[in-house]
There are 2 protein chains.
Amino acid sequence: MKSLVSRCPIEEVMQLLSGRWPTLLIYYLKQGTKRFSDLRRDNPTISHKMLSLELRKLEDAGIVERTEFEGYPLRVEYQLTPAGHRLVPLIDALGDWWETTSDGGGHSSSADAEPVASNTVLRD
Amino acid sequence: MKSLVSRCPIEEVMQLLSGRWPTLLIYYLKQGTKRFSDLRRDNPTISHKMLSLELRKLEDAGIVERTEFEGYPLRVEYQLTPAGHRLVPLIDALGDWWETTSDGGGHSSSADAEPVASNTVLRD
DNA sequence: CGGAATCCGCAATGATACTG
DNA sequence: CAGTATCATTGCGGATTCCG
């Protein structure tokens with residue numbers, strides 16, 4: 001999905017949030033400031049490159065703020081911007097909608113649903 | 001994005017809504033019952049095949065209901081299910097968030113933002 | 001440690017033709 | 001009109017390597 005088809009804000013947001021990682025990263029960032037390697041630990045399956053790319057995308061969109069510490073070894077921290085924080089409940093609402101829609105087994109609800117990417121890797 | 005990485009509902013919803021078309025189709029379907037060709041008119045840039053694929057995906061997800069009329073010429077109508085209707089405001093909220101975030105010019109707000117895919121094609 | 005550049009395979013997408 | 005099947009193409013996403 002490279003070029004926009006309409007000027008519709010919905011399409012523009014989806015262009016930003018589409019894909020497996022954006023919402024997941026936002027989710028983990030919700031927990032507070034994270035370093036690059038922290039996020040890699042949170043999502044073991046994302047490649048070095050993808051993480052870097054996705055973070056930049058979110059940064060450009062003003063959802064994530066990047067802070068670089070020049071020392072050694074290089075160190076960079078990421079955190080949600082206010083806009084990013086405002087986005088969180090909307091994403092949670094979608095997750096909530098999904099649970100109440102797809103099944104009746106609400107094992108965990110919106111604000112507390114915990115991704116478990118760490119060890120549960122489901123491949124086709 | 002084929003396989004899931006976590007059992008997180010957020011990731012599952014995104015797997016469904018990711019891409020350019022799902023949200024756009026839901027948006028147009030919000031207006032009421034539509035035929036296949038109506039939806040093609042709404043989104044001139046979607047291919048015949050894609051529309052068919054995306055509609056099936058939404059149908060399988062229980063967001064869209066398909067009604068087939070056996071007469072001739074063949075005729076099929078699509079409409080949002082109750083679950084689909086519940087999803088609409090959530091998507092609108094995202095569009096709303098985008099507008100208040102990316103700029104300060106709130107020219108139109110959530111429930112009334114109108115996609116104009118019909119003629120405004122922006123390529124990179 | 002964090003990130004950019006490169007190469008490459010595969011899945012998603014699009015064009016076309018065919019069926020009911 | 002609506003949908004499927006087939007084939008060609010694109011570009012995402014992953015592995016690797018080099019730079020700061």
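Protein chains get the first letters and strands the later ones, always in sequence-line order, with residue 1 at the start of each.
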Just jot down the salt bridge (Lys or Arg N to Asp or Glu O under 4.0 Å) partners of [X], sequence neighbours excluded, or say none.
X: A:R66; answer: A:E68
X: A:E65; answer: none
X: B:E70; answer: none

Q | DNA chain C contacts made by residues 32-39 of chain B, counting heavy atoms under 4.0 Å | A |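 Residues of residues 32-39 of chain B that come under 4.0 Å of DNA chain C do not exist, since none gets that close.
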Q. Residues from residues 60-69 of chain B sitting under 4.0 Å of DNA chain D, heavy atoms only?
A.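 Here the set is B:R66.
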(Q) The criterion is side-chain contact (heavy atoms from CB on, under 4.5 Å); which residues satisfy it with A:L53, sequence neighbours excluded? (A)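 Counting only residues at least two positions away or on another chain, A:L53 forms a side-chain contact (heavy atoms from CB on, under 4.5 Å) with A:K49, A:M50.
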N/O-N/O pairs, protein side and nucleotides 4-8 of chain C side, under 3.5 Å:
unit_1, atom_1, unit_2, atom_2, d
C:dA4, OP1, A:R56, NH2, 2.4
C:dA4, OP2, A:S52, OG, 3.4
C:dT6, O4, A:K49, NZ, 3.4

Q | Passing candidate, side chain to side chain contact (heavy atoms under 4.5 Å, CB included) with B:L94, options A:L16, A:I10, A:L17 | A |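 Exactly one pass, corresponding to A:L17.
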Q | Angle by which the axis turns from one end of the helix from C:dC1-D:dG20 to C:dG20-D:dC1 to the other, five pairs per end, to 10 degrees | A |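 The angle separating the two end axes equals 40°.
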Q: Taking only the side-chain heavy atoms of B:P73 (C-beta and beyond), determine which of D:dC1, D:dG14, D:dG3 contains the nearest atom.
A: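 Looking only at side-chain atoms, B:P73 lies closest to D:dC1.
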Q) Do NZ/NE/NH1/NH2 and the carboxylate oxygens of A:K57 and A:D60 come within less than 4.0 Å? A)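 Not counted as a salt bridge, because no side-chain N and carboxylate O are separated by less than 4.0 Å.
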**Q.** All pairs passing ring-ring contact (aromatic ring centres under 6.0 Å, His included) where residues 43-69 of chain B contributes a residue, at least two apart
**A.**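 Residue pairs passing ring-ring contact (aromatic ring centres under 6.0 Å, His included), neighbours aside: B:F36-B:H48.
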Q. What residue pairs, at least two apart or across chains, pass side-chain hydrogen bond (donor to acceptor under 3.5 Å, both in side chains) with a residue in residues 73-90 of chain B?
A.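 Qualifying pairs: B:R75-B:E77.
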